[in-house]
Amino acid sequence: MPAQDRVPAACVHYAEGKGEAARAALHAFLDALPGQAGFLGAELLLSAAQPELTLVASRWAGEVPPLPVPDGVRAWVFQVQASR
């Protein structure tokens, strides 16, 4: 594939918290993401199988900028290795 046809490296940032306070804090965190450089999109995720857990999954063009996650929230950055 020619260099100009390559998709730039992308990253995914996950932030997770437990409980109602974390859910509210992660909703505010989600609302603040669109103003960050490289932001491509994000979702606030809930699961009936894990009712206490709230997750924000966000996608970024290139590296994820420094993101101040709410107190008590854990976060990870993953580099996308393959996609379809």
Side-chain angles (χ1 to χ4, degrees):
M1 176 184 299
Q4 69 271 18
D5 293 338
R6 290 189 192 136
V7 175
C11 290
V12 176
H13 182 273
Y14 288 105
E16 77 167 33
K18 292 185 178 182
E20 289 300 317
R23 181 164 297 159
L26 284 169
H27 197 279
F29 175 76
L30 174 73
D31 289 342
L33 294 177
Q36 299 287 333
F39 177 76
L40 297 174
E43 298 83 27
L44 181 74
L45 305 172
L46 306 174
S47 171
Q50 302 247 355
E52 289 294 310
L53 187 66
T54 303
L55 177 72
V56 171
S58 57
R59 292 167 311 289
W60 301 84
E63 291 188 31
V64 177
L67 298 174
V69 295
D71 289 340
V73 169
R74 301 183 319 161
W76 302 267
V77 174
F78 297 89
Q79 186 177 39
V80 175
Q81 296 295 300
S83 62
R84 307 289 180 268

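- Hydrophobic cluster membership is shared by Leu55 and Val12, with clusters built from Ile, Leu, Val, Met, Phe, Trp and Tyr side chains linked at under 4.5 angstrom.
- Among residues two or more places apart in sequence or in another chain, the side chain to side chain contact (heavy atoms under 4.5 Å, CB included) test is passed with Glu20 by Arg23.
- Criterion: ILVMFWY side-chain heavy atoms under 4.5 Å apart, direct or through other members. Under it, Leu53 and Phe29 are not part of a common hydrophobic cluster.
- Contact annotation: the side chain of Leu26 approaches that of Val73 to within less than 4.5 Å [non-hydrogen atoms, C-beta and beyond].
- In this structure, Leu46 shares a hydrophobic cluster with no other residue, the cluster being traced through Ile, Leu, Val, Met, Phe, Trp and Tyr side chains under 4.5 angstrom apart.
- Using a 4.5 Å heavy-atom cutoff, the side chains of Leu45 and Val56 are not in contact.
- The ring-ring contact (aromatic ring centres under 6.0 Å, His included) contacts involving residues 34-53 comprise Phe39-Trp60, where partners must be two or more places apart or lie in separate chains.
- Sorted by first and then second residue, the side chain to side chain donor-acceptor pair (under 3.5 Å) pairs with a member in residues 61-76 read Glu16-Arg74; sequence neighbours excluded.
- Leu30 approaches Ala42 most closely through the heavy-atom pair CD1-CB, 3.5 Å.
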Side-chain donor-acceptor pairs under 3.5 Å in residues 77-84, sequence neighbours left out?
{"from": "Gln79", "atom 1": "OE1", "to": "Gln81", "atom 2": "NE2", "distance (Å)": "3.3"}

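- Listed by first and then second residue, the side chain to side chain donor-acceptor pair (under 3.5 Å) pairs involving residues 35-48 are Glu43-Arg59 (not counting sequence neighbours).
- Leu33 has its side chain within reach of Leu67: a pair of non-hydrogen atoms, C-beta onward, lies under 4.5 Å apart.
- Pairing each heavy atom of Gly62 with each of Cys11, the nearest pair is O-SG, 3.3 Å.
- Residues Pro66 and Pro68 share a closest heavy-atom pair of O-CD, 3.8 Å.
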Quiz prompt | Worked verdict on Lys18 versus Thr54 for side chain to side chain contact (heavy atoms under 4.5 Å, CB included) | solution = CA-CA 6 Å; Lys18 292 185 178 182; Thr54 303; over 6 Å; no
